[in-house]
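First the proteins, then the strands, lettered A, B, ... as listed; each starts at 1. None of these values were measured; they are calculated from a predicted model.
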There are 2 protein chains.
Amino acid sequence: MKHSEAKSRIIETASSLFYKNGYNSTGINEIISEAGIAKATLYNHFKSKEDICLAYLRFKDTRFIKDIETFATTKPKGKKQILAIFDFLQLFFQAKDFNGCWCIKTVSEIPKDNEVIRNEIQKQKNSFIQLIEKLVTNNLEKIKTEDISSLSRKIYLLYESAVSESHLHQVDWPIKEAKHLCSKIIR
Amino acid sequence: MKHSEAKSRIIETASSLFYKNGYNSTGINEIISEAGIAKATLYNHFKSKEDICLAYLRFKDTRFIKDIETFATTKPKGKKQILAIFDFLQLFFQAKDFNGCWCIKTVSEIPKDNEVIRNEIQKQKNSFIQLIEKLVTNNLEKIKTEDISSLSRKIYLLYESAVSESHLHQVDWPIKEAKHLCSKIIR
DNA sequence: ATTAAAAGACAGACAAGTCTGTCTAAGTTT
DNA sequence: AAACTTAGACAGACTTGTCTGTCTTTTAAT
């Protein structure tokens with residue numbers, strides 16, 4: 001369908017620009033010129049820039065969740081599947097377009113009272129925690145049910161700091177240290 | 001001296017606004033009207049908005065390092081002094097003006113190639129890691145010299161994620177989980 | 001099959017507002 | 001008298017979003 005093709009182009013272009021240069025620093029004009037579409041077309045598919053921001057966040061999240069889940073579950077079952085999220089991050093970090101966490105970036109840029117964007121981001125983070133809980137449940141036989149949540153949250157914290165600190169310092173020791181600590185708490 | 005009094009007013013006002021509403025969302029006009037000074041006066045003390053941004057970061061950091069060090073060293077010596085950084089964060093979180101980490105916020109807003117700001121932020125984070133190293137060295141007798149750096153970095157990662165995640169989710173479990181995990185790795 | 005209509009994309013002018021930073025002119029303090 | 005502060009006009013460059021009018025393609029009706 002041609003209709004959704006234009007829309008896809010907008011989302012992909014906007015996502016790349018928002019992630020690389022920031023939400024506020026990316027203007028509508030930049031998006032349309034890079035995507036090669038007209039402004040009227042853009043506003044025919046999205047009612048506002050915020051609307052594009054939402055689409056951007058969802059686009060990034062959908063791909064991320066799919067990719068990291070695929071990556072983890074192709075590893076041998078057991079602790080390796082849990083640690084795999086840090087190996088995934090290592091690859092992500094080495095990719096030349098790595099630019100930290102899009103959620104943190106975006107939430108830092110929008111006004112504090114923007115609940116639409118904030119809710120979307122919290123939703124994404126919670127579904128990532130759920131993914132970790134699934135990995136923990138499936139790969140640690142000895143784990144007690146009541147410990148799953150707390151352990152998963154700790155792994156989540158380690159992962160999140162590994163993302164933002166490797167980005168901030170432009171080195172990968174945060175990923176290595178986080179993985180190392182993770183390996184100690186799941187044994 | 002009147003000269004530095006005006007300058008201080010600008011720094012304090014700008015800091016409060018930048019931290020609360022973001023760097024890009026805070027205009028020069030807002031700063032001068034809130035601080036009650038003229039625009040020409042502002043540009044008499046700072047050559048650009050970026051210059052004010054630097055002053056803001058340094059203002060926040062100076063106070064933070066002083067406050068958290070004072071807080072920790074008034075606690076009983078031993079592991080409690082290390083864990084104190086999370087208690088400090090708990091108070092910080094409960095304060096009504098808590099708004100996450102100013103470094104992360106700022107780095108998310110500025111262009112990627114702004115090295116002046118980026119260097120300042122990396123410098124601040126490294127000096128915070130040094131503070132943790134000092135706490136670790138002084139309060140863990142059994143620690144081996146070669147383990148100090150790695151352990152301090154892990155504690156740093158936990159602290160940083162506790163800040164940003166408690167801010168993001170608007171709850172304090174990240175602080176509690178981070179402190180709990182920290183207590184386990186320093187025993 | 002031919003014609004009519006609808007839908008969407010295009011370029012780009014435009015409004016209305018934002019921003020930073022400069023400058024003028026008047027007032028105040030030392 | 002010199003130095004600083006004030007208010008605010010101003011330039012120039014941005015922003016998002018609206019709107020007009022043209023062109024092409026797809027769909028529907030006869």
Between atom [atom1] in [X] and atom [atom2] in [N], what is the gap in whole Å?
X: B/I32; N: D/dT6; atom1: CD1; atom2: P; value: 10 Å
X: A/F18; N: D/dT15; atom1: CZ; atom2: C1'; value: 13 Å
X: B/I10; N: D/dT5; atom1: CD1; atom2: C1'; value: 11 Å
X: A/I37; N: C/dA9; atom1: CD1; atom2: C1'; value: 9 Å
X: A/N44; N: D/dT20; atom1: CG; atom2: C1'; value: 15 Å
X: B/I28; N: C/dT22; atom1: CD1; atom2: P; value: 11 Å
X: A/R9; N: C/dC10; atom1: CZ; atom2: P; value: 9 Å
X: A/L42; N: C/dG12; atom1: CG; atom2: P; value: 17 Å

**Message:** Using 30° and 60° as the class boundaries, would you call the ring planes of A/H167 and A/F98 parallel, tilted or perpendicular?
**Reply:**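 Rings of A/H167 and A/F98: perpendicular, as their planes differ by over 60°.
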
**Asked** With a 4.5 Å heavy-atom cut-off, do A/N126 and B/H169 have their side chains touching?
**Response**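 Answer yes - side chains close enough.
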
**Request:** Taking the side chain as every heavy atom from C-beta outward, state whether A/P174 and B/R153 have any pair of such atoms under 4.5 Å apart.
**Result:**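 No; the side chains remain at least 4.5 Å from each other.
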
**Item:** Test: A/K49 cationic atom under 6.0 Å from A/Y23 six-membered ring centre, within 45° of axis
**Value:**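 Positive - A/K49 is close enough to the ring of A/Y23 and near enough to its axis.
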
**Request:** Enumerate the residues from residues 105-116 of chain A whose closest heavy atom to DNA chain D is under 4.0 Å, giving them by residue number; use none for an empty result.
**Result:**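 Here the set is empty: none.
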
**Item:** Neighbour count >12 (heavy atoms, 6.0 Å) for atom NZ, A/K80
**Value:**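 No, not enclosed.
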
**Message:** Is there a side-chain contact between A/T41 and the phosphate of C/dG8, meaning an N or O under 4.0 Å from OP1 or OP2?
**Reply:**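 Checking A/T41 against C/dG8: no side-chain N or O falls below 4.0 Å of OP1 or OP2.
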
**Message:** Please tell me if B/H45 has a side-chain N or O lying less than 4.0 Å from either OP1 or OP2 of D/dC4.
**Reply:**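 No, because none of the side-chain N or O atoms of B/H45 sits under 4.0 Å from OP1 or OP2 of D/dC4.
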
Taking the side chain of [X] as heavy atoms from C-beta outward, which of [options] is closest to it?
X: B/A40; options: C/dC10, C/dT20, C/dC23; result: C/dC23
X: B/K39; options: D/dC19, D/dT16, C/dT20; result: C/dT20
X: B/S48; options: D/dT16, C/dG21, C/dA9; result: C/dG21
X: A/A6; options: C/dA9, C/dG21, D/dT16; result: C/dA9

**Prompt:** Would B/Y156 and A/E177 count as having a side-chain donor-acceptor pair, cut-off 3.5 Å?
**Reply:**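 Judged by distance alone, the side chains do not pair up.
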
**Nearest-nucleotide comparison on DNA chain D, the residue closer to the 5′ end among A/E30 and A/K47** =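 Closest to the 5' end, via its nearest nucleotide, is A/E30.
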
**Request:** Indicate, with a heavy-atom threshold strictly under 4.0 Å, whether B/N29 touches base, sugar-phosphate, or nothing.
**Result:**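 Base contact - B/N29 has a heavy atom under 4.0 Å of at least one base atom.
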
**Request:** Indicate, with a heavy-atom threshold strictly under 4.0 Å, whether A/T26 touches base, sugar-phosphate, or nothing.
**Result:**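 Contact class for A/T26: sugar-phosphate only.
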
**Prompt:** Can we say A/R118 and A/E115 salt-bridge, meaning some charged N sits less than 4.0 Å from an Asp/Glu carboxylate O?
**Reply:**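 No, this pair does not count.
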
